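As structure tokens, the structure follows; a few thoughts come after it.
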Protein chains: 2
Amino acid sequence: MTEKQEKIINSALTLFAKEGYTATSTSKVAKHAGVSEGLIFRHFKNKEGLLQAILQQGEARIKELFIPILTSEDPKEVIRLTLEMPFSVTESEFEFWKLQFKLKWELEYNNPEKMQPLQQALMIAFQKLGYEIPELEAEFIIVFLEGISTAIIKDNMSDKLKFKEFLIQKYKL
Amino acid sequence: MTEKQEKIINSALTLFAKEGYTATSTSKVAKHAGVSEGLIFRHFKNKEGLLQAILQQGEARIKELFIPILTSEDPKEVIRLTLEMPFSVTESEFEFWKLQFKLKWELEYNNPEKMQPLQQALMIAFQKLGYEIPELEAEFIIVFLEGISTAIIKDNMSDKLKFKEFLIQKYKL
DNA sequence: TATTTTTGCAAGTGATCACTCACTATTAAA
DNA sequence: TTTAATAGTGAGTGATCACTTGCAAAAATA
């Protein structure tokens, strides 16, 4: 991975997350990265290839965030870590996180199965805690996660800290 | 409103909701509607004007769906009707509903204040029911609504009916 | 050191973009 | 029935789109 190659990926991530994939031209990416437009196609074949490179690189980073949740034996910790996740996305991951949501609507990128290991872990956690319908409790959290994430990315939440504490209290974690 | 004008609006709504606003060209809209491309600009000035016409027309229809919730005196009914809303979007409103979500991410259309009357009504409902922190309970529902809507539009919900019943039971409605 | 491979750029390519313009057909008012 | 306004068309416009090509510089390999 050359220095210019990384600059292209970073610029593209920034612009795709801000303006959207379709609305961002390859010439804009090149200008932002300070390289010739042709170089994008030399390295990534086409615009779609550039996007895939960004996604591949980002998903590798995201996967690590799931490890502590999926390996925990304590059911309350599983639920707490899951609910806290959207509140603890770092500045550096924020752009990639936002891009994921944009792509879900802009292109028809639909892979809910990405969430399934988490949903399974949540179900087991609720089972351990004696909830009546653990599958639906787990699905409830997954569905709710989408709402929290949107509210945080769009900065529509009145008080993040208060809301987080409210959730923890609601599930007695 | 001429017949061709309506055809343009309907075609644009369909295509914008399916392919996205930026990715849908005015020539595509014209072809789908069976009119000349120039007519779009005669009637709506530009592409943005066409979008605004769609939004204006749709929002008028949507507002009516909120009336029964906002006028109800029964707190349990307020909450139940709110939670049931995403499950009862009719076939004919589905496209417009989907478009709303697409635009929220594609363009930076961000007007959370549209939800505020509903959030206020929910807060009062939770207050009447004696909940400890009614403001956060109301915000919780609003945030959750985003998640349910996404799951339904993207068809990611295992069993809509079961999930709806689960929600009603959860709030003892 | 000589040769090959990779990296990079500038200047293109045709296609498509949103939009305009000159003009005709239809409708409505005078 | 004449006049004026509106509805509608089709062939354009320059700008921008994703992408290609030819060639030079740099780096890696021999």
Side-chain angles (χ1 to χ4, degrees), chain A residues 1-58 95-96 99-100 102-109, chain B residues 1-58 95-96 99-100 102-109:
Chain A
M1 183 83 75
T2 9
E3 186 200 320
K4 303 215 169 186
Q5 223 166 338
E6 278 184 19
K7 272 191 179 168
I8 291 170
I9 284 190
N10 289 335
S11 291
L13 170 56
T14 298
L15 294 172
F16 288 171
K18 195 187 287 174
E19 319 270 2
Y21 172 73
T22 311
T24 302
S25 65
T26 50
S27 84
K28 241 192 266 178
V29 173
K31 255 173 215 159
H32 189 279
V35 301
S36 69
E37 196 180 350
L39 195 59
I40 292 173
F41 298 92
R42 161 125 298 157
H43 283 311
F44 305 100
K45 190 184 174 196
N46 52 31
K47 195 185 173 185
E48 165 75 15
L50 170 57
L51 177 62
Q52 290 305 330
I54 293 171
L55 293 181
Q56 214 173 326
Q57 200 181 86
E95 273 181 347
F96 182 74
L99 178 62
Q100 297 274 97
K102 287 205 123 165
L103 291 176
K104 174 160 44 183
W105 291 100
E106 188 179 339
L107 316 179
E108 299 280 328
Y109 279 21
Chain B
M1 185 80 76
T2 351
E3 187 199 321
K4 301 215 169 186
Q5 221 166 339
E6 278 183 20
K7 272 192 179 167
I8 291 170
I9 285 190
N10 289 334
S11 292
L13 170 57
T14 298
L15 293 172
F16 288 171
K18 195 187 288 175
E19 318 271 2
Y21 172 73
T22 310
T24 302
S25 66
T26 50
S27 85
K28 241 192 268 179
V29 173
K31 252 172 217 161
H32 189 278
V35 301
S36 69
E37 196 180 350
L39 194 58
I40 292 173
F41 298 91
R42 160 125 303 161
H43 283 312
F44 305 101
K45 192 183 173 195
N46 51 32
K47 195 185 173 185
E48 164 76 15
L50 171 57
L51 177 61
Q52 290 305 329
I54 293 171
L55 294 181
Q56 214 173 324
Q57 201 180 85
E95 274 182 347
F96 182 74
L99 178 62
Q100 298 273 97
K102 286 206 125 168
L103 290 175
K104 173 159 46 182
W105 291 100
E106 188 179 338
L107 316 179
E108 298 282 326
Y109 278 21

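All figures in this text were calculated on a predicted structure; none of them were measured in a lab. Side chains included, hydrogens not; waters and symmetry mates left out as well; all remaining heavy atoms used. Just so it is clear: chains get the letters A, B, ... in the order the sequence lines come, proteins before strands, and each one is counted from 1.
You'll find the side chain of A:Leu103 stays beyond 4.5 Å of the side chain of A:Phe16, heavy atoms only.
Regarding contacts with the backbone of C:dA18, a side-chain N or O of B:Thr26 is found under 4.0 angstrom from either OP1 or OP2. When the side-chain nitrogen and oxygen atoms of B:Ser27 are compared with OP1 and OP2 of C:dC17, one or more of them lie within a distance under 4.0 Å. Distances shown here put a side-chain N or O of B:Thr2 below 4.0 Å from the OP1 or OP2 atom of D:dG8. Distances shorter than 4.0 Å separate some side-chain N or O of A:Ser25 from OP1 or OP2 on D:dC17.
Here the C1' atom of nucleotide D:dA7 and the CD1 atom of B:Ile40 are 14 Å apart, to the nearest Å. Spacing between atom NZ of B:Lys45 and atom C1' of C:dT20 amounts to 14 Å, rounded to whole angstrom units. Between the CG atom of B:Asn46 and the P atom of C:dC21 there is a distance of 14 Å, rounded to whole Å. Nucleotide C:dT13 holds its C1' atom 13 Å from the CZ atom of A:Phe41, rounded to whole Å. Rounded to an integer number of Å, the gap from CD1 of B:Ile8 to C1' of C:dC19 is 14 Å. Separating the CG atom of A:Leu50 from the P atom of D:dA18 is a distance of 11 Å, rounded to the nearest angstrom. Counting to the nearest Å, the P atom of D:dC17 and the OH atom of A:Tyr21 are 14 Å from each other. Rounding to whole angstrom units, NZ of residue A:Lys31 and P of C:dA10 are separated by 12 Å.
Remark: the B:Thr26 side chain and the B:Glu37 side chain contain an N/O donor-acceptor pair separated by less than 3.5 Å. Inspection of the A:Gln56 and A:Gln52 side chains reveals no N or O donor paired with an N or O acceptor under 3.5 Å.
A:Lys102 has no carboxylate O lying under 4.0 Å from a charged side-chain N of A:Glu95, or vice versa, which leaves the two without a salt bridge.
Heavy atoms of A:Glu37 sit under 4.0 angstrom from at least one base atom.
Both A:Ala23 and B:Lys4 lie near DNA chain D, and the one whose nearest nucleotide falls closer to the 5' end is B:Lys4. Of the residues near DNA chain D, A:Lys28 and A:Arg42, the one whose nearest nucleotide (by heavy atom distance) lies more toward the 5' end is A:Lys28.
Set against D:dT9, D:dC17, C:dG8, the side chain of B:Leu39 has D:dT9 as its closest nucleotide. Picking from C:dC19, C:dT7, D:dC17 the nucleotide with the shortest atom distance to the side chain of A:His43 gives C:dT7.
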Margin query: Between A:Phe41 and A:Leu50, is the side chain to side chain contact (heavy atoms under 4.5 Å, CB included) condition met? List the steps.
Written below: CA-CA 8 Å; A:Phe41 298 92; A:Leu50 170 57; over 6 Å; no
